[in-house]
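Written out below as structure tokens is the structure these notes cover.
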Amino acid sequence: MDVSIADSIRFQLAHDEEIVLNSGAIAMKLGNGKTFGIKSHLKQSKTIIVKQEIPAYFYKRNRINDEYAELTLEFKEDYKLIFRLYNEGMAYRFVSTAKQDFIVNEELAAFQFQKDYKAYIPYVKTKEKTIEGQYFNSFENTYTYSPLSKMDKLKLAFSPLVVELDQGKKVCLAEADLQSYPGMFLFNPTGRTVLEANFAPYPKSIVQGGHNQLQQIVTARQPYLAKSKAKTKFPWRIAIVSTGDKALADNDMVYKLAEPNRLKDISWIKPGKVAWEWWNNWGLSKVDFVSGVNTETYKAYIDFAAKNKIEYVILDEGWAVNLKASLFDVVPEINLKELVAYGKTKNIDIILWAGYYAFARDLEEACKHYSELGIKGFKIDFMDRDDQEMVDFHYRAAETAAKYKLMVDFHGTYKPTGLNRTFPNVINYEAVNGLEQMKWTGPEMDMVTYDVTMPFIRMIAGPVDYTQGAMRNATKSSHRGINDEPMSQGTRCRQLAEYVVFESPLNMLCDSPDNYAKEQECTDFISAIPTVWDRTIVLNGEIGQYITTARQKGNTWYLGALTNWEARKLDLDLSFLGSGDYAAEIYQDGINANKIASDYKKQRMEIPSDRKLSINMAQGGGFAMKIFKKQTP
């Protein structure tokens, strides 16, 4: 990597002597007329080499190898510019050394590519045409595969974003350690081969509104991005370089670059699986009460969770009185104290859904009250912004929840940037085009292709609250959006494999207790799968085509594979198992799965001594396997 300092600061990144990225001028313009990065005067530079192993909490591995060369450039203009070079990519950040607080008016960041490469672009999903109107969004969309020059000049995209170079090489642009600063969007307003950064300005005026009065809508913005404290460390800008797609799906740079754990005690944080009612529309039959948002329904879900050793039941939207934006106004059909007590008798804990404004308005009181009641966490929804004010809220929410020993699942939010390392009670994030989309869309939304694209891009940032587990499964032609009895695209084994392929420390079972009871064999497999891991290996994969992931917990390995709409045979190398004799429980697409997506076959097999295994998947299919060491006589 070369860094040049002249009237502006720029860098050039090379891989195997090939230039993969040139930056534009990297700079920050401040409200006091000063700048970081423009006509700056170098005071001193320092280079260090770091080789360490860092702990990871509630993650895809429990230890991470962290090796990099770090160049720190200190300038007379009261700032530092830090570059880190890893085997898998590079990152840079600005750090203020000023003693006074200041305003950031603008940040310049541009990433220039040598050719008109194609990119996997997650555009903001909105009907708004203005850039300012696009800052309010759910950070959920499928990927548009397009040449850089053909990108929509009027549309923002959110990161991570992957650009496809020659010979299969890829560059992923991302960010980490986003604290008290707006998140980075990317766009191409010039039609050239340059991606420019864009940031939501600080809110000037806000009104309550949006979904059920649970959001805060920005009606005007300030002419600046952030109000920054002295000695602020700004977010890392990351460029990950990969020669093989599987390395993208197993990258740790965002986690490594995040601020380390701030919590002294994390023993109370319990990841696990959750019986979820919203996706299946509180779908119970053969009961003597009307299923819905009421105590009887949730007791039935608790019974289901207890029977299947599922750790949590969630009360999603509906338990608090609608349109009041208050977590203290519980609908009369729900007795929370009774539900918590009933859950305790069966070793099941409760998590509550919370709309953003209701939670933010009474943050401390809500956390204290519900922690004392016995609630174990909140799923907070409908933030839909990543300006500085909203980023600050995420940190306040994480810190306050931790104070009262509450886990947090941020739904309806921007992509993770490492907050789950800094506050390990932040156990999951949405910012993914998850299975909920299947409730209201049909074949026009290609979830199967998304499922084998997202792990190489969005999951680089961190875990996903994708909410898989459908027992109603459909082919490409038979899928329909049905709210009351929703289905998934692709095969049954695909749903099973997603519990291995997708990283999700707090993992939903989206379907109804009725459907799981009818499919007890699959339910048993899902309920036994861990949600955090000692070790992860991505065995193979190509963006948009297929992926195979193996994960270890204790002495047991799980393996999951997904394909796109193409039936596929994969040859797997299981040499990672090491010595010994192994057997496996296998779930594979049935012979008729191309027509009947729920068709599958379970079998037990011995793992070959040469550790070579071939698997077959149907169109939109999957493959799941539990591998265990055979007992010696």
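On a predicted model such as this, the values are computed, not experimentally measured, just so you know. Just the heavy atoms: all of them, side chains too, but no hydrogens, waters or symmetry mates, feed the values below.
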For [X], I'd like to know if atom [atom1] has over 12 heavy atoms of other residues, nucleotides or ligands within 6.0 Å.
X	atom1	value
D152	CG	yes
I591	CD1	no
K307	NZ	no

Return the set of residues passing side chain to side chain donor-acceptor pair (under 3.5 Å) with [X] (not counting sequence neighbours), or none when no residue passes.
X	answer
T345	none
K439	N483
T549	none
E364	K403, Y404

Test: salt bridge (charged side-chain N to carboxylate O under 4.0 Å, His left out). Region: [range]. Which pairs qualify, not counting sequence neighbours?
range	result
residues 497-507	R494-E498
residues 332-359	K299-E338, D303-K346, K344-D349
residues 313-327	D316-K379

Output the distance between atom [atom1] ([X]) and atom [atom2] ([Y]), rounded to the nearest 0.5 Å.
X	Y	atom1	atom2	answer
L323	D329	CG	CG	11.5 Å
C493	D599	SG	CG	8.5 Å
F410	M383	CZ	CE	6.0 Å
F139	F158	CZ	CZ	7.5 Å
D446	Y143	CG	OH	13.5 Å
I586	L559	CD1	CG	9.5 Å

Taking [X] for its side chain and [Y] for its backbone only, find out whether a donor-acceptor pair lies under 3.5 Å.
X	Y	answer
R551	V500	yes
N473	A597	no
N564	E566	yes
Q619	W565	no
T144	S146	no
D511	A470	no
S527	D524	yes

For [X] and [Y], which heavy atoms make the closest approach, and how far apart are they?
X	Y	value
T142	N433	CG2-ND2, 3.7 Å
C510	T467	CB-O, 3.4 Å
L570	R568	CD2-CD, 3.8 Å
N594	A618	OD1-CB, 3.2 Å
Q216	F136	O-CE1, 4.4 Å
E311	K273	OE1-N, 2.9 Å

Side chains of [X] and [Y]: does their closest heavy-atom pair fall under 4.5 Å?
X	Y	result
I350	Y342	no
L352	Y370	yes
Q588	Q603	yes
S159	L173	no
F185	Q134	no
E436	W278	yes
C522	L496	yes
L336	W319	yes

Do the side-chain N and O atoms of [X] and [Y] include a donor-acceptor pair separated by under 3.5 angstrom?
X	Y	result
S138	D384	no
Q437	E140	yes
N335	Y298	no
N308	Q520	yes

* To do: Go through the steps for R458 and T453 under the test side chain to side chain contact (heavy atoms under 4.5 Å, CB included), then give the verdict.
  => CA-CA 8 Å; R458 160 60 181 84; T453 306; over 6 Å; no
* Asked: Where do T531 and N507 land on the side chain to side chain donor-acceptor pair (under 3.5 Å) test, with the steps shown first?
  -> CA-CA 7 Å; T531 63; N507 217 339; over 6 Å; no
* **Worked verdict on F393 versus Y356 for ring pair (Phe, Tyr, Trp, His ring centres under 6.0 Å)** => CA-CA 10 Å; F393 161 76; Y356 156 66; 4.8 Å; yes
* Is the W353 ring parallel, tilted or perpendicular to the H211 ring (thresholds 30°, 60°)? -> perpendicular
* Asked: Taking only residues two or more places apart in sequence or in another chain, which ones pass salt bridge (Lys or Arg N to Asp or Glu O under 4.0 Å) with R492?
  ->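 Listed in chain order: E519.
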* To do: Report the residues that fulfil side-chain contact (heavy atoms from CB on, under 4.5 Å) with T417, sequence neighbours left out, ordered by chain and then residue number.
  =>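 With neighbours one apart ignored, the set is E175, L178, K415.
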* For S291, check side-chain contact (heavy atoms from CB on, under 4.5 Å) against everything at least two apart and list the hits. => L284, T297
* Structure fact -> In L156, D387, V218, the residue satisfying side-chain contact (heavy atoms from CB on, under 4.5 Å) with Y135 is L156
* Structure fact -> Partner of P463 under side-chain contact (heavy atoms from CB on, under 4.5 Å), picked from V432, V532, N420, V426, is N420
* To do: Could you tell me which residues satisfy ring-ring contact (aromatic ring centres under 6.0 Å, His included) with F328, sequence neighbours excluded, listed by chain and number?
  => H369
* To do: State which residues pass ring-ring contact (aromatic ring centres under 6.0 Å, His included) with F359; sequence neighbours excluded, sorted by chain then number.
  => F378
* To do: Inspect the contact between E485 and R472 and indicate whether a charged nitrogen and a carboxylate oxygen are less than 4.0 angstrom apart.
  => yes
